[in-house]
Visitor: 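Take this structure, written in structure tokens, and hold onto it; I'll ask about it next.
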Amino acid sequence: MKTIWIFVLVAIGFASCQKKATNNNSLNGVWESIGSGWVLHIEDSTQYTFYDITSISCLPSRQADLSEIQSSLSFTNDTLSLLKGVMTYQFTRAEELPELCTEIPSEVERINPLFNFDVFAQTVKEHYAFMKLNNINWQTLAQQQRAKLSEESSAAELYTVLEETLELLKDNHAYLEAADEVYEALEQLTAKEETKSDEDLPEYGDFQVANAVAKNHFKEDLTKDSWLMKWGTLQDSIGYIIVKAMWLYADLEIPEEEIEAKGFVDAYVDTFHSMDEGDYIEKEVVGVSRILDSVMNDLKNTKQIVIDQRFNGGGQDAVSFEILRRFNTERRQVVKTRLKVGDGYSPMQTLYLEAHPNAYTNPVYVLTSQQTGSAAEAFSICSMAIPNVKRIGAHTQGALSTALEKALPNGWVFSISNEIYMDTQANSYENIGVPVDYELQYPNDRQTFFRSVIDDLEGDKQGVLKAMEALQKQE
């Protein structure tokens, strides 16, 4: 997702000159991605297999009917394009399936800690986009971390080294997900560390703070049939929308017994991981669009709208684009991106935001904080291209790259940032975050910030109103 994950569909700059493939036979064969380490093998116009490939490994990641991704494929000049959410990934034809992809690792190889680390290290070497930005000497770092392992290392020890390595990379979007038994083993090896000074301080979740803000700030709560988005009025003429996340909107038809057994979020994650990613993202957009119809109808007569994303950790960029589209009157460029390819980068790709026929054109104020991450940051950076939108609060987290998800031989999943995500002037905000037009003094620390809001909800509300007033005077 932008994960999690990670994660409606806007047009891509060059997509207009492409046409959907009408001859399925032309798609058959082996296709290698530009910059993402994927091999796509299409057989008999009916089946496809995705592989994750590096120079030392090739692991199948998904096999299904071609119809699952057919509508997302386009083909021109012997280049295949695959649309996932707001991104288009390009593939070039290969003569045959790489030999590595025909070699199935043995059970011993698949669980070998050193082999797993080597596949991880090679993936990072080939795809991590911010070595230079974060002053990383990968060869040295990888050697140091590998030396901590042996073929006899436990799964918990491997996990600890990999997690530590991702932290040393300073990758804002990295994550590592292992099997449940690994976490159980880790719990037995390590005790939770709590500083004495924090023992008596309350801990808040982002949804918890968002709900408290809604309860205090709304003069009239208009929310209905939604727990992920809340809306109402701040004052008679000011609408207020709290967007808690950029995912979890899709109707995935999860059985109730599975939700009861795992909890909603875990059941949701397991379900979408079993789906084609493009199909899943489309369902997210459909879900959020349905809610937005109610939101915008209820707030259509307001003179201003505030969109609060201070407690939004992200999700799917396509969800962000669909929300922002409700405030966009014309098709416009909003983002430039490029992927790491070898020692350089792929050609620049421009993302466009489509217009909405009933777009809201009055002033809009987007609230952000250092806890605004991933797809919520995509919303902020794209909003810079819309004239009637201003940003208030603090710069965002600085985790804008798409998270490239990969699997290890042992079945664990991890992600790294392989994309430079820029505004229309090609400015990157990785690490530093998307800036605001009016700054409020929010604490950097997550819990300190949350407590500052909870402890003075009325002061928080007045701060937003004063910022809006100050920006109106500048116009």
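Residue indices begin at 1 and follow the sequence shown.
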Visitor: Looking at Phe207, is Lys244 sitting on its ring face, NZ or CZ under 6.0 Å from the six-membered ring centre and within 45 degrees of the normal?
Guide: yes
Visitor: Quick one: pull up CG in Asn388 and OG1 in Thr361 and give me the separation to the nearest 0.5 Å.
Guide: 7.0 Å
Visitor: Quick one: closest heavy-atom pair of Ser369 and Tyr442, and the distance?
Guide: CB-CD1, 4.0 Å
Visitor: Any donor and acceptor pair, going by atom type alone, linking the side chain of Gln447 with main-chain N or O of Tyr204 inside 3.5 Å?
Guide: yes
Visitor: Between Arg62 and Asp276, is there a side-chain N and carboxylate O pair less than 4.0 Å apart?
Guide: no
Visitor: Under a 3.5 Å distance rule, please check whether Thr424 uses its side chain to pair with a backbone N or O of Val334 as donor and acceptor.
Guide: no
Visitor: Determine whether a donor-acceptor pair (N or O, by modelled atom type, separation under 3.5 Å) exists between the side chain of Asp52 and the backbone of Lys406.
Guide: no
Visitor: Please step through side-chain hydrogen bond (donor to acceptor under 3.5 Å, both in side chains) for the pair Asp437 and Tyr365, ending with a clear verdict.
Guide: CA-CA 10 Å; Asp437 297 294; Tyr365 301 93; over 6 Å; no
Visitor: Could you tell me whether Lys340 and Glu419 have a side-chain N and a carboxylate O separated by less than 4.0 Å?
Guide: no
Visitor: Which heavy atom of His217 sits nearest a heavy atom of Leu457, and at what distance?
Guide: CE1-O, 3.1 Å
Visitor: Can you find a pair of side-chain heavy atoms, one from Phe449 and one from Asp445, that are under 4.5 Å apart?
Guide: no
Visitor: What's the shortest heavy-atom distance between Val119 and Thr54, and which atoms?
Guide: O-CG2, 4.5 Å
Visitor: So does Ala355 get a backbone contact from the side chain of Arg325, meaning a donor-acceptor N/O pair under 3.5 Å?
Guide: yes
Visitor: Decide ring pair (Phe, Tyr, Trp, His ring centres under 6.0 Å) for Phe414 and Phe120; before the verdict, give the C-alpha distance in whole Å, the side-chain angles of both, and the deciding distance to 0.1 Å.
Guide: CA-CA 9 Å; Phe414 73 101; Phe120 164 83; 5.1 Å; yes
Visitor: Do Ile238 and Val306 make a side-chain contact, defined as non-hydrogen atoms from C-beta onward lying under 4.5 Å apart?
Guide: yes
Visitor: Please examine the side chains of Met246 and Val288, heavy atoms only from C-beta on, and report whether any two atoms are closer than 4.5 Å.
Guide: no
Visitor: Salt bridge check, Asp293 against Arg326: does any charged N sit closer than 4.0 Å to a carboxylate O?
Guide: yes
Visitor: Can you measure from CD (Gln397) to CG (Asn444) and round to the nearest 0.5 angstrom?
Guide: 11.5 Å
Visitor: Salt bridge between Lys84 and Asp279, side-chain N to carboxylate O under 4.0 Å?
Guide: no
Visitor: Give the intermediate values and the outcome of ring pair (Phe, Tyr, Trp, His ring centres under 6.0 Å) for residues Trp38 and Tyr89.
Guide: CA-CA 10 Å; Trp38 297 323; Tyr89 298 93; 5.1 Å; yes
Visitor: Does NZ belonging to Lys283 count more than 12 external heavy atoms closer than 6.0 Å?
Guide: no
Visitor: Between Glu203 and Arg451, does at least one N-O distance fall below 4.0 Å, as a salt bridge requires?
Guide: yes
Visitor: Is it true that the side chains of Gln90 and Gln349 contain a donor and an acceptor less than 3.5 Å apart?
Guide: no
Visitor: Looking only at side chains, do Glu405 and Ser415 share a donor and an acceptor under 3.5 Å apart?
Guide: no
Visitor: Any chance you could measure Ser36, atom OG, to His127, atom NE2, to the nearest 0.5 Å?
Guide: 7.0 Å
Visitor: Does any part of the side chain of Ile242, heavy atoms only, come nearer than 4.5 Å to the side chain of Trp231, both counted from C-beta?
Guide: no
Visitor: Please examine the side chains of Tyr280 and Thr271, heavy atoms only from C-beta on, and report whether any two atoms are closer than 4.5 Å.
Guide: no
Visitor: Answer yes when Glu469 and Lys466 have at least one side-chain N-carboxylate O distance shorter than 4.0 Å, and no when they do not.
Guide: no
Visitor: When you measure from the centre of the six-membered ring of Tyr345, is the NZ or CZ of Arg338 closer than 6.0 Å and no more than 45° off the axis?
Guide: yes
Visitor: Atom CD1 in Ile420, atom CD in Glu430: separation rounded to 0.5 Å?
Guide: 7.0 Å
Visitor: With a cut-off of 6.0 Å (strictly less than), are more than 12 heavy atoms of other residues, nucleotides or ligands near CD of Gln139?
Guide: no
Visitor: Is there a donor-acceptor contact under 3.5 Å from the side chain of Glu167 to the main chain of Glu164?
Guide: no
Visitor: Would you confirm whether Ser289, through its side chain, and Val286, through its main-chain N or O, come within 3.5 Å as a donor-acceptor pair?
Guide: no
Visitor: Quick one: does Asp171's side chain have a donor or acceptor within less than 3.5 Å of a partner on Leu166's backbone?
Guide: no
Visitor: Find the distance between CG (Leu353) and CG (Leu351) and round it off to the nearest 0.5 Å.
Guide: 10.0 Å
Visitor: Once you round to the nearest 0.5 Å, how far does CD of Gln122 lie from OG of Ser57?
Guide: 7.5 Å
Visitor: Looking at Arg310, Gln371, Arg446, which one forms a side-chain contact (heavy atoms from CB on, under 4.5 Å) with Asp206?
Guide: Arg446
Visitor: Do Thr368 side-chain atoms and Ala394 backbone N/O form a donor-acceptor pair below 3.5 Å?
Guide: yes
Visitor: Any donor-acceptor pair under 3.5 Å linking the side chain of His395 with the backbone of Ile432?
Guide: yes
Visitor: Hey, does the side chain of Asn116 reach the backbone of Asn410 with a donor-acceptor pair shorter than 3.5 angstrom?
Guide: yes
Visitor: Locate the shortest heavy-atom distance separating Ser417 from His173; write the atom from each residue and the value.
Guide: OG-CB, 3.3 Å
Visitor: Give the minimum heavy-atom separation between Leu176 and Tyr183, together with the two atoms involved.
Guide: O-OH, 3.6 Å
Visitor: Where do Asp460 and Asn216 land on the side-chain hydrogen bond (donor to acceptor under 3.5 Å, both in side chains) test, with the steps shown first?
Guide: CA-CA 10 Å; Asp460 181 74; Asn216 181 81; over 6 Å; no
